[in-house]
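Below, chain A is the first sequence line, B the second, and so on; all start at residue 1.
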Number of protein chains: 2
Amino acid sequence: MATINDVAIKAGVSTATASRALNGKSTVDPALAARVLSAAAELGYQPNGPARNLRRQETAVLALIISDVENPFFTSIARGVEDVAQAVGYSVVLCNSDESPEKERRYIDVAIQERVAGIVLSPTGTATNVDLLTARRTPLVAVDRALPSAEADMVLVDTRSAAKQATTHLITQGYERIGCVTGPAGIPTADDRLAGYKDALRAAKRRTPAKLVRRSEYRSDGAYEATIDLLNSPDRPDALLVANSTMAIGVLEALSTLDLRLGKDMGVVAFDDAPWAQLVDPPLSVVSQPAYDIGKAAAQLLLARIANSSLAYTTTTLSATLITRGSSTR
Amino acid sequence: MATINDVAIKAGVSTATASRALNGKSTVDPALAARVLSAAAELGYQPNGPARNLRRQETAVLALIISDVENPFFTSIARGVEDVAQAVGYSVVLCNSDESPEKERRYIDVAIQERVAGIVLSPTGTATNVDLLTARRTPLVAVDRALPSAEADMVLVDTRSAAKQATTHLITQGYERIGCVTGPAGIPTADDRLAGYKDALRAAKRRTPAKLVRRSEYRSDGAYEATIDLLNSPDRPDALLVANSTMAIGVLEALSTLDLRLGKDMGVVAFDDAPWAQLVDPPLSVVSQPAYDIGKAAAQLLLARIANSSLAYTTTTLSATLITRGSSTR
DNA sequence: CTGAAAGCGCTAACAG
DNA sequence: CTGTTAGCGCTTTCAG
């Protein structure tokens with residue numbers, strides 16, 4: 001594999017000049033630069049990234065560690081990050097922690113070892129440990145879920161008030177016994193959405209019976225089981241707030257299993273406007289989160305911090321939007 | 001940031017010994033090794049990846065370049081690749097080419113420059129150029145879509161015969177005028193599925209009117225437009241074969257816009273068993289592809305080739321399964 | 001079993 | 001504007 005030295009020899013210059021020419025430094029005689037460039041092209045020269053990174057002590061790579069590649073919410077974030085990063089010449093590598101603190105931990109290690117310029121992370125939960133990152137002053141932006149330590153920028157969604165709003169909507173629509181299917185305790189979004197749900201019931205002077213709440217992993221099969229269990233309980237709810245779109249799939253499957261009509265027998269509002277939300281009958285009411293914008297904002301913050309590490313840490317909170325469709329109307 | 005030299009000094013040994021101990025070489029006095037390890041822990045030592053990679057002239061990183069992160073088919077492949085790679089200590093970085101040959105090209109360059117150990121690629125189409133890779137003998141496995149050059153392993157699906165089978169099913173169900181909504185010309189899967197569709201019509205001695213075929217990008221909005229156009233044409237079909245699940249969303253939206261009943265007015269079979277396929281009413285008939293297994297097989301082939309570059313190139317073809325549900329029954 | 005020393009490919013002082 | 005040279009942090013001969 002051709003090295004910069006090969007290019008230099010072929011162009012009849014020193015490696016330093018070759019390097020300068022290849023990197024577009026202005027301080028090179030145009031004629032020499034042209035020779036270098038064509039020599040490089042002829043040899044099919046590709047710079048050696050590790051060598052360059054070692055020497056420069058920096059890389060133009062961002063790591064994006066997300067908790068579930070199969071969730072459209074996170075892939076939208078990924079596109080936001082990617083678009084911003086690409087525009088300024090950074091590459092993005094995507095890592096899937098799969099809601100597993102160990103995998104997350106391993107990817108954080110890899111990111112440190114590869115000396116990425118910065119990390120966008122959706123923490124798996126309270127077990128997330130970013131001490132390594134803060135100790136090393138690796139730029140970090142947390143998305144979707146807050147980090148206990150404030151040593152990072154964060155881009156969040158006002159998920160609690162959105163949950164409250166969605167629940168209030170269900171109340172207004174005349175549902176009497178509203179339940180909630182949410183994610184595991186310890187995941188901020190799961191807890192916040194549950195809290196918002198309770199806020200709404202409290203504001204409406206309703207009791208908030210623990211019997212109407214179920215938790216499971218953020219997965220459709222878990223949500224299916226949880227919903228079946230909930231709907232078979234003596235005090236079956238007549239509406240549900242569901243904490244994400246993956247879970248919504250399980251919930252809707254459960255309704256189908258039990259032959260309950262969406263909207264009429266069971267009002268449903270779910271977080272995340274999945275691509276299929278309007279295909280079910282009646283269409284699914286959702287809390288739409290600005291996933292792409294989250295990714296964009298996160299990448300911008302990260303790049304800003306890479307450029308200037310002394311910036312104050314910020315928390316950006318974006319708004320979610322309730323979109324009411326047929327599934328929450330009788 | 002602590003280097004291996006700091007660790008060595010703290011442990012009172014040479015960097016060579018520190019390196020050996022850290023890498024678990026057997027030829028180190030256990031007592032010294034222990035000293036090194038604890039020194040490393042105290043200093044929070046993290047190896048410098050670029051330096052190691054530079055010296056070793058190899059990395060334990062695989063690149064996975066897929067054409068659409070938002071398509072569940074590709075994210076399933078990603079999980080397959082990841083599970084196999086993780087198990088043997090390789091990391092996987094995911095790159096989203098977004099069906100764009102330029103982005104794909106850029107990511108291939110990045111992968112070469114970072115000297116990844118190997119690449120799993122779902123080519124964007126005929127424009128894909130892997131000459132750089134073959135010239136450098138970078139191990140490469142193509143998934144989902146064949147590469148013209150045979151200088152790579154491939155893991156494919158018998159998509160043409162699956163398309164034929166699906167179309168034959170629609171014929172058997174009594175649909176008279178079967179159309180096809182597929183992807184852009186030049187993308188092998190789009191062309192193969194169309195070819196399989198034609199195979200079936202020919203086998204049934206039916207004419208294959210070009211009027212019943214529409215192409216668009218592999219996206220829901222494109223498929224929506226294409227379907228509206230198709231269904232507004234004088235010879236509206238009464239059934240459709242749809243080339244992937246992203247397009248299926250657009251097709252189903254179009255049916256809804258035109259107030260056509262799925263199954264009854266318009267039979268539909270789509271490729272890919274998306275998570276939501278059973279939620280629509282009636283449930284969507286699909287051609288289910290073994291995406292996770294594709295990823296697994298691809299990673300295994302890639303690792304085998306990394307270990308032994310002289311292996312013969314292979315093409316693995318997995319089978320897709322037709323799953324008939326309500327959307328293809330009157 | 002351990003240490004000294006070389007060198008992976010590149011960039012950035014520093015001279016000229 | 002160009003060349004020489006040092007060295008990024010690590011692994012790996014090669015001696016001892």
Flag for [Y]-[X]: side-chain donor and acceptor within less than 3.5 Å:
| X | Y | value |
| --- | --- | --- |
| B/Thr59 | B/Asn53 | no |
| B/Tyr107 | A/Ser91 | no |
| B/Asn5 | B/Thr3 | no |

Original post:
Counting any heavy atom closer than 4.0 Å, what does A/Pro50 reach on the DNA or RNA strands: base, sugar-phosphate only, or nothing?
Top reply: nothing
**OP:** For B/Asn53, report the nucleic acid contact type (base, sugar-phosphate, nothing); a contact means any heavy atom under 4.0 Å.
**Re:** nothing
**OP:** Indicate, yes or no, whether a donor-acceptor pair under 3.5 Å links the base of D/dG3 to the side chain of A/Arg20.
**Re:** yes
Quick one: which of [options] gets closest to the side chain of [X]?
| X | options | value |
| --- | --- | --- |
| A/Asn48 | C/dG3, C/dC10, C/dT2 | C/dC10 |
| B/Arg55 | C/dG3, C/dC8, C/dC10 | C/dC8 |
| B/Tyr45 | D/dC8, C/dG3, D/dC10 | D/dC10 |
| B/Ile4 | C/dC10, D/dC10, D/dT12 | D/dC10 |
| B/Thr3 | C/dT11, D/dC10, D/dT11 | D/dC10 |
| B/Ala16 | C/dA4, C/dG9, D/dT11 | C/dA4 |

Nearest whole angstrom, please: distance from the [atom2] of [N] to the [atom1] of [X].
| X | N | atom1 | atom2 | value |
| --- | --- | --- | --- | --- |
| B/Glu114 | C/dG9 | CD | P | 15 Å |
| B/Ile112 | C/dG9 | CD1 | P | 16 Å |
| A/Leu54 | C/dA12 | CG | P | 12 Å |
| B/Leu32 | C/dG3 | CG | C1' | 12 Å |
| B/Leu43 | D/dG9 | CG | C1' | 15 Å |
| A/Gln113 | D/dC8 | CD | P | 20 Å |
| B/Arg56 | D/dC10 | CZ | C1' | 9 Å |
| A/Gln57 | C/dG9 | CD | C1' | 14 Å |

Original post:
Can you tell if the side chain of A/Asp153 reaches within under 4.5 Å of the side chain of A/Val155, non-hydrogen atoms only?
Top reply: no
So, is [X] close to the [N] phosphate, meaning a side-chain N or O under 4.0 Å from OP1 or OP2?
| X | N | value |
| --- | --- | --- |
| B/Thr27 | C/dC1 | no |
| A/Arg52 | C/dT11 | yes |
| A/Lys25 | D/dT2 | no |
| A/Ser19 | C/dC10 | no |

**OP:** Run the numbers on A/Arg79 and A/Asp83 for salt bridge (Lys or Arg N to Asp or Glu O under 4.0 Å), then give the verdict.
**Re:** CA-CA 6 Å; A/Arg79 303 192 62 144; A/Asp83 286 351; 5.5 Å; no
Original post:
Which comes earlier along DNA chain C counting from the 5' end, the contact point of B/Arg115 or that of B/Ser14, where each point is its nearest nucleotide?
Top reply: B/Ser14
Subject >> Separation between CD of A/Gln289 and CG of A/Leu156, rounded to the nearest 0.5 Å >> reply: 10.5 Å
